[in-house]
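Ligands are counted one by one from 1 in listed order, and the atoms in each one are counted from 1 as well.
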Amino acid sequence: MIEHMSHEIQIIPIPAFHDNYIWLIHDGQNAAVVDPGDALPVLNTLNTLNLHLEAILITHHHQDHIGGVDTLLAHFPHIKIYAPALEHYNFQHIAVRDCDQISVANWLNTVSVISLPGHTLGHVAFYLEQDKAHYLFCGDTLFGAGCGRLFEGMPVQMFDSLKKLASLPGDTLVFCAHEYTLHNINFALSLEPNNQALIERKQQTTRLIEQLKPSLPSTIRLERATNPFLRCHSDEIKTALQLKNAEDLEIFTKIRLLRNSY
Ligand code: ZN
Ligand code: FE
């Protein structure tokens with residue numbers, strides 16, 4: 001087996017706006033950011049940690065994920081920007097599509113692109129395996145105990161996109177772009193009040209939020225156990241909705257609709 005060149009990497013959340021996280025990946029010298037909706041907090045963090053920005057990864061075209069790109073590009077004219085091929089962007093970028101393997105930086109292993117239509121039609125995630133760990137940057141597709149709204153896609157597209165993510169290794173660390181976890185957990189408990197993993201997650205998440213700490217990253221294993229959008233097969237959910245014999249997709253469609261007004 002070939003050993004990949006591997007560096008110790010660190011991933012830190014940069015809070016932005018009301019509840020966004022811009023995830024910064026670095027090796028102590030160089031950095032990449034995911035979905036920089038705002039440039040100033042990114043520039044401040046790079047400054048404080050004395051890091052050089054090499055790359056930007058974009059999951060989808062919403063302003064709270066791309067608003068800082070132009071300013072960052074002005075500060076670092078040589079950075080590489082990766083953005084979904086199926087969406088339109090006004091800045092220079094490398095267009096990425098499903099199953100692409102991209103060389104973001106020489107201190108990172110190859111990053112895999114996973115296409116995830118639903119929240120937007122071109123939405124992608126970035127998946128990285130390094131130092132025996134797995135990292136998923138999933139934008140507004142998968143949230144802690146929830147999923148993104150269907151702005152452009154059909155329920156079946158989001159349902160299939162989430163199934164792809166659910167099939168990743170259980171220990172995959174999940175870096176979502178918003179802090180919605182506690183509200184999502186409360187909604188999830190309305191469907192599965194007896195789910196022990198969910199009850200425990202609420203206690204842990206409440207503690208984190210009280211300490212002003214992020215509830216993320218999550219793991220795929222935890223999402224499978226607690227996220228109702230990955231649990232459309234659950235008898236407790238089907239019974240709660242009085243849709244005992246419904247297909248999983250029908251359950252998904254129903255709970256996405258209920259969550260819109262929760
Ligand atoms: Zn979005
Ligand atoms: Fe967003």
Decide, counting backbone as well as side-chain atoms, whether [X] has an N, O or S atom less than 2.8 Å from the Fe ion (ligand 2).
X: His62; result: no
X: His178; result: yes
X: Asp140; result: yes

Taking both backbone and side-chain atoms into account, decide whether Asp64 has an N/O/S atom under 2.8 Å from the Zn ion (ligand 1). no
Between His65 and the Zn ion (ligand 1), is there a contact where an N/O/S atom of the residue lies under 2.8 Å from the metal? no
Residue from Thr141, Asp35, Asp140 passing side chain to side chain donor-acceptor pair (under 3.5 Å) with His60: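 Testing His60 for a side chain to side chain donor-acceptor pair (under 3.5 Å) against Thr141, Asp35, Asp140 leaves exactly one candidate, Asp140.
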Anything under 30° is parallel, anything over 60° is perpendicular, the rest tilted; go ahead and classify Tyr135 against Phe137. parallel
Are side-chain N/O atoms of [X] and [Y] paired as donor and acceptor at under 3.5 Å?
X: Glu236; Y: Asn195; value: no
X: Arg256; Y: Asn260; value: yes
X: Asp248; Y: His233; value: no

Under the criterion ring pair (Phe, Tyr, Trp, His ring centres under 6.0 Å), which of Phe175, Phe187, Tyr180 is the partner of Phe143? Tyr180
Restricting to N, O or S atoms, which atom of Asp64 is closest to the Fe ion (ligand 2)?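 When I compare the N, O and S atoms of Asp64, OD2 is nearest to the Fe ion (ligand 2).
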At the Zn ion (ligand 1), what's the angle from His119 NE2 to His60 NE2, rounded to 10 degrees?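 Angle NE2(His119)-the Zn ion (ligand 1)-NE2(His60): 100°, rounded to 10°.
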